[in-house]
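If you read the sequence from its start, that first residue is 1, and numbering goes on from there. Just so you know, these numbers use all the heavy atoms, side chains as well, and skip hydrogens, waters and symmetry mates.
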Amino acid sequence: MKKLTLLFLAIFAITASTFAQNKPIYINIAFHKLKPGHTIDEAMALEKRWKVIQEKRKAAGLITGWAAYKILNEYKSESVDYDYVSMNASYDLNKITEYPMDMFNALVKEDPSMYTILEETDKVQSVMRNKITKAIEYTGSSNDMNSVVLMETMKTTTTNYFAYIDFEKQVKAIHMDRIKAGNIQEWAFWQHLAPMSDDGPGQFTTITFFKDLSKLDEDSSPSYINGAKKYMNLTVDQYLKKADSLRKINQSVLLKYAVGTFN
């Protein structure tokens, strides 16, 4: 198994030196829906073929990486209307969705079967929507492609928008303690840049990595009790009330890495 650097947060090669240079990473999330009569296995077989294209985009410097993630055993909240997600990450928003035709034509010359990949993909699934996000905070990578990934989408009011960002920046320290205690492997906080609307599920996404399903039920209360006091000067009750007043979790889903430019 090859090392996966910042699996979901950076899906793709964020490092401490990158942030030191104030070079943000952007992630374009595509939400995919299977078409009637088709399966997730068919979709993943096609994504494995798309991997060749994504590797060429990565080599050309358009993206820093790409991956697709399946929903684990249909563990998702009722409002989740997609079947899987794929992500491209880049340091340049102008390049994150670029697919140069000369690159594609060269690929077709190497492998003529790639000529019909768009048509074949369209028969199996469609992209319901795309979301451009920006990594705001993260704890570091566990480099574990077998992680169970909890992805939650949060909504906040316009009034609380920046207060919520500040809150999550403080909460990062608590998640660092959770990692040290072995409760989680890593955590990340993303800000949605576009599109933004009042009828969407939210303006932020958090990602939490667990070694396996059993870790979902592991007691993290000592980290929250001590961390709320140590880093925020709050009791746990005050911490929970503040979190509840700042945001609402509108969507929650468990994901697993399926295919990407890492293996």
(request) Using a strict 4.0 Å threshold on nitrogen-to-oxygen distance, state whether K215 and E218 make a salt bridge. (result) yes
(request) Report yes or no: does S79 contribute a side-chain atom to a donor-acceptor pair with the main-chain N or O of Q251 at less than 3.5 Å? (result) no
(message) Using side-chain heavy atoms (C-beta onward) and a distance below 4.5 Å, is K134 in contact with I25?
(response) no
(message) Between T157 and N160 (side chain of the first, backbone of the second, donor and acceptor by atom type, cut-off under 3.5 Å), is there such a pair?
(response) yes
(request) Heavy atoms only: give me the nearest K76-V253 pair and the separation to one decimal. (result) CB-CG2, 3.8 Å
(message) Pair K256, V148 - check side-chain contact (heavy atoms from CB on, under 4.5 Å), show working.
(response) CA-CA 6 Å; K256 286 279 281 190; V148 173; 4.3 Å; yes
(message) For G200 versus K155, what's the shortest heavy-atom pair and its separation?
(response) O-NZ, 3.1 Å
(message) Checking S223 against R178: is there a side-chain donor and acceptor pair closer than 3.5 Å?
(response) no
(message) Can you give me the closest heavy-atom contact between H32 and S86, atom names plus distance?
(response) NE2-OG, 2.6 Å
(message) Heavy-atom count check: over 12 atoms from other residues, nucleotides or ligands less than 6.0 Å from K230 NZ?
(response) no
(request) Give the other cluster members for Y84, using side-chain heavy-atom distances under 4.5 Å between Ile, Leu, Val, Met, Phe, Trp and Tyr residues; answer none if it is isolated. (result) L34, I40, M44, L46, V124
(message) Show the nearest heavy-atom pair for residues D144 and N146, with the distance to one decimal.
(response) OD1-N, 2.8 Å
(message) Main chain of S77, side chain of S252: is a donor-acceptor contact present, judged purely on distance under 3.5 Å?
(response) no
(message) For I53 and M114: C-alpha separation, side-chain torsions, deciding distance, then whether side-chain contact (heavy atoms from CB on, under 4.5 Å) applies.
(response) CA-CA 9 Å; I53 297 173; M114 295 299 288; 3.6 Å; yes
(request) Would you mind reporting whether Y99 and L62 have side-chain heavy atoms less than 4.5 Å apart? (result) no
(request) Please check if the side chain of E42 supplies one atom and the backbone of T39 the other of a donor-acceptor pair under 3.5 Å. (result) yes
(request) Would you check if I225 and P222 make a side-chain contact, meaning some heavy-atom pair closer than 4.5 Å? (result) no
(message) Can you confirm whether more than 12 heavy atoms, excluding those of K70, are under 6.0 Å from its NZ atom?
(response) no
(message) For a side-chain contact (heavy atoms from CB on, under 4.5 Å) check, start with the C-alpha distance between L254 and L216, then their side-chain angles and the critical distance, and finish with the verdict.
(response) CA-CA 11 Å; L254 291 181; L216 290 170; 3.9 Å; yes
(request) Quick one: pull up CH2 in W190 and CD1 in I132 and give me the separation to the nearest 0.5 Å. (result) 13.0 Å
(message) Give me the atom names and distance for the closest heavy-atom approach of A68 to E47.
(response) CB-CG, 4.3 Å
(message) Quick test of your reading: applying salt bridge (charged side-chain N to carboxylate O under 4.0 Å, His left out), list the pairs with at least one residue in residues 156-171, sequence neighbours left out, ordered by first then second residue.
(response) none
(request) Give a yes or no on whether the backbone of T235 and the side-chain of Q238 come within a donor-acceptor separation of less than 3.5 Å. (result) yes
(request) Could you tell me whether a side-chain N or O of H192 sits under 3.5 Å from a main-chain N or O of K131, the two making a donor and an acceptor? (result) no
(request) Enter the distance from Q191:CD to I27:CD1 here, rounded to the nearest 0.5 Å. (result) 11.0 Å
(message) Measuring only between side-chain heavy atoms, which start at C-beta, is S147 closer than 4.5 Å to E186?
(response) no
(message) Tell me which one of D217, V149, L150 satisfies side chain to side chain contact (heavy atoms under 4.5 Å, CB included) with F210.
(response) L150
(message) Can you tell me how far apart CG (D81) and CZ (F31) are? Round to the nearest 0.5 Å.
(response) 8.5 Å
(request) Determine the sole option in N88, T261, T97 for which the side-chain hydrogen bond (donor to acceptor under 3.5 Å, both in side chains) test with R57 is passed. (result) N88
(message) So K123 and K35, do their side chains get closer than 4.5 Å, heavy atoms only?
(response) no
(request) Would you please name every residue forming a salt bridge (charged side-chain N to carboxylate O under 4.0 Å, His left out) with K211, sequence neighbours left out? (result) none
(request) Supply the atom-to-atom distance I184 CD1 to S220 OG, rounded to the nearest 0.5 angstrom. (result) 7.0 Å
(request) Search all heavy atoms of I96 against all heavy atoms of I63 and return the closest pair with its distance. (result) O-CG2, 4.0 Å
(message) Please check this pair: side chain of N73 against backbone of Y75, looking for a donor-acceptor N/O pair closer than 3.5 Å.
(response) no
(message) Working to the nearest 0.5 angstrom, can you tell me the gap between L255 CG and I71 CD1?
(response) 6.5 Å
(request) I would like to know whether V127 and Y82 meet side-chain contact (heavy atoms from CB on, under 4.5 Å); could you show each step before the answer? (result) CA-CA 9 Å; V127 176; Y82 53 88; over 6 Å; no
(request) Report yes if some heavy atom in the side chain of R129 is under 4.5 Å from a heavy atom in the side chain of I29; otherwise report no. (result) no
(request) Kindly compute the distance separating CD (E120) from CH2 (W50), expressed to the nearest 0.5 Å. (result) 10.5 Å
(message) Are D177 and N226 packed together at the side-chain level, in the sense that at least one heavy-atom pair is separated by less than 4.5 angstrom?
(response) no
(request) Any ring-ring contact (aromatic ring centres under 6.0 Å, His included) involving residues 148-176? Give me the pairs, sequence neighbours left out, ordered by first then second residue. (result) Y161-F204, Y164-F189, Y164-F204, F167-Y239, H175-W187
(request) If a pair satisfies salt bridge (charged side-chain N to carboxylate O under 4.0 Å, His left out) and one of its residues is in residues 233-249, list it, with sequence neighbours excluded. (result) none
(request) Using a 4.5 Å cut-off on heavy atoms from C-beta on, say whether the side chain of T205 contacts that of T133. (result) no
(request) Scan for salt bridge (charged side-chain N to carboxylate O under 4.0 Å, His left out) pairs involving residues 104-114, sequence neighbours excluded, and state none if there are none. (result) K56-E110
(request) Could you please spell out the steps behind the side-chain hydrogen bond (donor to acceptor under 3.5 Å, both in side chains) verdict for S90 and D92? (result) CA-CA 5 Å; S90 177; D92 189 339; 5.8 Å; no
